[in-house]
Visitor: 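Structure incoming, see below.
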There are 4 protein chains.
Amino acid sequence: MTVERFSGIYAPIATPFGADEEIAFPRLRDNLARWAGTRLGGLVVLGSNGEAVMLDAAEKERLIAFVRENFPPDRPVIAGTGSESTRKTIRLTRRAAELGAAAVLVLNPHFFKGAMTDSALKRFFLDVAEASTVPVILYNMPRNTGLNLSWQLVAELSCHPNIVGIKDSGGDIVQISQIIASSRPGFGVFAGSASFLLPTVLMGGVGGTLALANVVPDLCVEVLSFAQAGRLEAARELQIRLLPLNAAVTARWGVAGLKAALDLSGYYGGPPRRPVLPVGEGEKAQLRQMLRDLGVAVDQP
Amino acid sequence: MTVERFSGIYAPIATPFGADEEIAFPRLRDNLARWAGTRLGGLVVLGSNGEAVMLDAAEKERLIAFVRENFPPDRPVIAGTGSESTRKTIRLTRRAAELGAAAVLVLNPHFFKGAMTDSALKRFFLDVAEASTVPVILYNMPRNTGLNLSWQLVAELSCHPNIVGIKDSGGDIVQISQIIASSRPGFGVFAGSASFLLPTVLMGGVGGTLALANVVPDLCVEVLSFAQAGRLEAARELQIRLLPLNAAVTARWGVAGLKAALDLSGYYGGPPRRPVLPVGEGEKAQLRQMLRDLGVAVDQP
Amino acid sequence: MTVERFSGIYAPIATPFGADEEIAFPRLRDNLARWAGTRLGGLVVLGSNGEAVMLDAAEKERLIAFVRENFPPDRPVIAGTGSESTRKTIRLTRRAAELGAAAVLVLNPHFFKGAMTDSALKRFFLDVAEASTVPVILYNMPRNTGLNLSWQLVAELSCHPNIVGIKDSGGDIVQISQIIASSRPGFGVFAGSASFLLPTVLMGGVGGTLALANVVPDLCVEVLSFAQAGRLEAARELQIRLLPLNAAVTARWGVAGLKAALDLSGYYGGPPRRPVLPVGEGEKAQLRQMLRDLGVAVDQP
Amino acid sequence: MTVERFSGIYAPIATPFGADEEIAFPRLRDNLARWAGTRLGGLVVLGSNGEAVMLDAAEKERLIAFVRENFPPDRPVIAGTGSESTRKTIRLTRRAAELGAAAVLVLNPHFFKGAMTDSALKRFFLDVAEASTVPVILYNMPRNTGLNLSWQLVAELSCHPNIVGIKDSGGDIVQISQIIASSRPGFGVFAGSASFLLPTVLMGGVGGTLALANVVPDLCVEVLSFAQAGRLEAARELQIRLLPLNAAVTARWGVAGLKAALDLSGYYGGPPRRPVLPVGEGEKAQLRQMLRDLGVAVDQP
């Protein structure tokens, strides 16, 4: 199994909730239909932005199945399945495969930070990779986990035939370069945020799994296309134009910002689950302007 | 409802697993019987050391019920119920109360660190306190969560009549002093680790919820008793003697160290759930010596 | 040489500048006369609060000499002499001794953080201790240096007969306890900030070197006296009353806050050297209130 | 004054010391002669790698003069002049200009971290820029200073006509992109470490000031040349080959590693000033291999 199948731009989709905080499946269907009309390579369900940590086991399975059923079958759906215990991660990984996930994106356990040595993490990912019937993609997300997967560990893990790539959201371009340099040929590195998509791809990365791709998927795809076509100047210009909105839907206002941006641009965002608070009117006004600056048709206030 | 009922030393008990990683209830019963013979004020089930993040919803409920049923009814059992979402926290809080928990210990959500502003955290704890039929104790654990509950936030929350105290595992004695100085009278501050039990109590804290109290409960109680009796020199001497073993079963080797120390001292510890790795023979030898230094009868190697 | 001579409360004095940023020696003389009328055990010149990093070599020597000459000879003056290089630290240490310093307070080098291993720091402090004709007191200041002196390192260094104590400004009461437990008898631990003076002393510390002691020296001395007299309740109450002003003149507004508090309470503070900015009117109003809350006669606005 | 004059690759040169820790000027002359034979655009004297914090005022002036006199006059020498106080920074900046420095590289003050707000830093850099007769280049070095210059601050400062660029050693490619996007046209961004030279240049940076350029200057220049010639694949391959040695002479073994690598490759490195310890034989063996891997003729062990 090679990683090429997963190249390109993926959106780690937001999980839409109604006012009662239940999953709003009809709204999700509408979003999926719209994403299907873009040049996205595929979707990730149950990523960080999908508020996976807010969902219970039954909701997770239902979501994987629903997204898979409502998105074009020729485009992969990847499921986030990492949790604190090995057994729980394996259980969901297997279910995800049965429900049609083409691969799993596995965040490392992180609550017991002191215990998550390279030995423990190596054992964890190898156990999951052995047990999984679909390819495993590592997921490094230091801002949320408080831990970083070292390039040495990633290089070692890349030797397992069922570990095919990494989504690195840390944004450390040196680490990304070192992973590319030291992992086995065919192991794919995906930018974990649109703000460093172009540098990642120029250093040899194969795509991106980007919160921003929920909102402006085709602009994200265009950065990649420009880069692949050798149009560096155009790629750089677009990359730089995407920075403000990307910051707004990630580090600055997080999933609440992402959902507000979806609401403003014709998708359904809705409220985050508590305790995450929705953004206020001031933030929405700024988001509206950022979207307009990117040429996105924005709902009137 | 006042906090006096929960004063004293509590053990946040380890969750024993068998070789198959299933909860070993008979072993837990033996441990509970032994803890019942100590001067512990009560127990906490589903704390960090209880590997709560490793357990699924059904296991959690079963554990609360089992511990409550197998521990003397006059001594409180407190249940850890914090999780990433408000609704899930409320759900488990209510179940815990039904199952006999005398109070709940609520760790703050922390995955979406950037979104966990004081406003969001305040709303979270107030929502839980409103919904709970038993008293709520805040739980601050910066080493694992990557977040710190500020004393200003704690002071505000202390005004809610159903928020009766805090277990502060951060160990910042200035913050602990400021909480004591600024929270409402009757709000209780518990040391979250035995290494700063005495300073906490001397500054006005009412007890401790201590991993170390799994292993040497009566020695922990003795520190408190000495302090309350004004025997500062004896208290200090004992406090200092407890430092090495306490470090070993918390920051240094974590829950794996705690379980090994239990195994060595006549309790059942057993393996942690993967991916946490058990400690090696070298660590066990050191633990054995530390236990001996404290006068604990230790199993032969 | 034992540490008893340096027990008690020391003020690490602010260096007064005129509007031209030159050292205002006459103003300093007035401050020194006033501090001489308090129960301070002694002074520290060229500490962090003395803006030592802002001063050149000639200014440093002149300051040591001036303070020594203008303060009662029976009370020790300690000079801060730590700098990035061993040779520069030794040079100033020797000059300080010649100029009458009773001891030196040595901050660890910290610019090359990665190179400041325990081996390098051990070598540094031993080299200085060997070369110094007066006792050496270690100085741990993680907030400014970005490094922490581990208790293991301090315990080792405490075996050198010319290293007599440590000013620990980190405020980690567990580390302070471990230093007390593991260093040689007679090695003195001083609280580095008034906010944890009482816990430090209760755990076995011998005094404090406290920015706050610039402004309210006798209140700081009183905390210590209460503790030594076994009047724990009075000590605790006063300790807690000191927290707001202490925060204001340390972590919150730093040396600018300290100088404003001096100006408000009858000493001369004056401006910090640029680029440190003076506090604004809002901060001053808060400081004025905090001083009044402590019963300090405050200049009218 | 525009930044073009300073484009290309600069080496922030090591300061050679003899066994007595005095500056070894004859050895420095030899090094300078050799660097003159490379394609380096110019040199930086008194950078972090130059152990500027270890040098006294007289040594600093002598070094600037010596380097300027012993390096081809058509190639710029830039002097590091940042220190903790504004006045000291201005004083050295003016002397550096008199001694022939073409520009100054100004590290931000950082000891009083809490006081180094954007307001204070802005005032600092503007004061220096106003007082300087030569162009000012900002210097961001979070690993050593514990502070980061935000892109918002840099964008504001870039509007001053005498602030012409920044050496950013933080390596955050998103921040570097944002600086490029938001600073005034003509403001130059230089990679502060060779490990992210290519990504920086591809995003619009104009060169690099690289510790590694002490040892393998022409290889660093080649990365830049490949990038400018549109030979992305060759640039990437070389960039990746440079990663291990670059890590060794920066984050991993610091200035001690840099000096050992100089010694091994025909330059004079010599010992760092204490308390920085020289690297051991094991590290030297690894450095020797890394140099060989890059095709550098290495002295026999």
Side-chain angles (χ1 to χ4, degrees), chain C residues 17 20-22 48-49 51-59 82-91 107-117 119-128 141-147 250-257 272-280, chain D residues 17 20-22 48-49 51-59 82-91 107-117 119-128 141-147 250-257 272-280:
Chain C
F17 300 118
D20 58 355
E21 297 194 13
E22 297 296 329
S48 300
N49 291 302
E51 292 169 80
V53 294
M54 300 294 191
L55 303 169
D56 63 31
E59 288 176 322
S83 73
E84 288 296 331
S85 79
T86 302
R87 50 193 260 152
K88 202 166 158 189
T89 303
I90 288 176
R91 202 180 301 145
L107 187 68
N108 56 292
H110 49 87
F111 186 75
F112 294 113
K113 296 193 199 316
M116 291 302 101
T117 57
S119 302
L121 290 169
K122 186 178 168 187
R123 172 84 188 278
F124 170 77
F125 282 116
L126 292 181
D127 283 350
V128 174
M141 180 56 160
R143 200 175 66 237
N144 286 22
T145 65
L147 291 176
T250 59
R252 205 164 161 202
W253 299 321
V255 71
R273 264 195 185 165
R274 284 176 303 155
V276 176
L277 301 176
V279 297
Chain D
F17 300 118
D20 58 357
E21 297 195 12
E22 298 296 329
S48 301
N49 291 302
E51 291 169 81
V53 294
M54 299 295 191
L55 303 170
D56 64 31
E59 288 176 321
S83 73
E84 288 295 333
S85 80
T86 303
R87 51 193 257 151
K88 202 165 158 188
T89 304
I90 288 176
R91 201 180 302 145
L107 186 69
N108 55 292
H110 48 87
F111 186 75
F112 294 113
K113 297 193 199 317
M116 290 303 101
T117 58
S119 302
L121 289 169
K122 185 178 168 188
R123 172 83 189 278
F124 169 77
F125 282 116
L126 293 181
D127 283 349
V128 174
M141 181 56 161
R143 200 175 68 237
N144 285 23
T145 65
L147 291 175
T250 59
R252 204 163 162 203
W253 299 320
V255 71
R273 263 193 186 166
R274 285 175 303 154
V276 177
L277 302 174
V279 298

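Naming convention: chains lettered A, B, ... in sequence-line order (proteins, then strands); numbering from 1 in each chain.
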Visitor: Under a 4.5 Å heavy-atom cut-off, does chain C meet the side chain of Ala256(D), its backbone, both or neither?
Guide: neither
Visitor: Does the pair Val276(D) and Met116(C) meet the rule for a side-chain contact (heavy atoms from CB on, under 4.5 Å), with working shown?
Guide: CA-CA 7 Å; Val276(D) 177; Met116(C) 291 302 101; 4.0 Å; yes
Visitor: For the residue pair Leu121(C) and Pro275(D), establish whether any side-chain heavy-atom pair is separated by less than 4.5 Å.
Guide: no
Visitor: Using non-hydrogen atoms and a 4.5 Å limit, figure out which bit of Leu107(C) sits close to chain D: side chain, backbone, both or neither.
Guide: side chain
Visitor: Counting only heavy atoms closer than 4.5 Å, note whether Thr89(D) contacts chain C via side chain, backbone, both or neither.
Guide: neither
Visitor: With side-chain contact (heavy atoms from CB on, under 4.5 Å) as the criterion, how do Leu55(D) and Lys88(C) come out once you've worked through the C-alpha distance, each side chain's angles and the decisive distance to 0.1 Å?
Guide: CA-CA 9 Å; Leu55(D) 303 170; Lys88(C) 202 166 158 189; over 6 Å; no
Visitor: Inspect the surroundings of NZ in Lys113(C) and state if more than 12 heavy atoms from other residues, nucleotides or ligands are less than 6.0 Å away.
Guide: yes
Visitor: How long is the span from the OG1 atom in Thr86(D) to the CD atom in Glu21(C), to the nearest 0.5 Å?
Guide: 7.0 Å
Visitor: In sequence, state the C-alpha distance, the side-chain angles, and the governing distance for Leu277(C) and Arg123(D), and then conclude on side-chain contact (heavy atoms from CB on, under 4.5 Å).
Guide: CA-CA 9 Å; Leu277(C) 301 176; Arg123(D) 172 83 189 278; 4.0 Å; yes
Visitor: Run the numbers on Phe112(C) and Met54(D) for side-chain contact (heavy atoms from CB on, under 4.5 Å), then give the verdict.
Guide: CA-CA 10 Å; Phe112(C) 294 113; Met54(D) 299 295 191; 4.0 Å; yes
Visitor: Please classify the contact of Arg252(D) with chain C as side chain, backbone, both or neither, using a heavy-atom distance under 4.5 Å.
Guide: neither
Visitor: I need the residue from Ser85(D), Pro272(D), Ala251(D) with the largest number of non-hydrogen atom pairs under 4.5 Å to chain C.
Guide: Ser85(D)
Visitor: Quick one: of Ala115(D), Ser48(D), Gly257(D), who has the most non-hydrogen atom pairs under 4.5 Å with chain C?
Guide: Ser48(D)
Visitor: Looking at Asp127(C) and Arg274(D), is any side-chain nitrogen of the basic one under 4.0 Å from a carboxylate oxygen of the acidic one?
Guide: yes
Visitor: Between Trp253(C), Phe111(C), Phe124(C), who has the most heavy-atom pairs with chain D when the cutoff is under 4.5 Å?
Guide: Phe111(C)
Visitor: Which heavy atom of Arg91(C) sits nearest to which heavy atom of Asp56(D), and what is that distance?
Guide: NH1-OD2, 4.0 Å
Visitor: For Ser83(D), which atoms come within 4.5 Å of any heavy atom of chain C: side chain, backbone, both, or neither?
Guide: neither
Visitor: Looking at Glu59(D) and Arg87(C), is any side-chain nitrogen of the basic one under 4.0 Å from a carboxylate oxygen of the acidic one?
Guide: yes
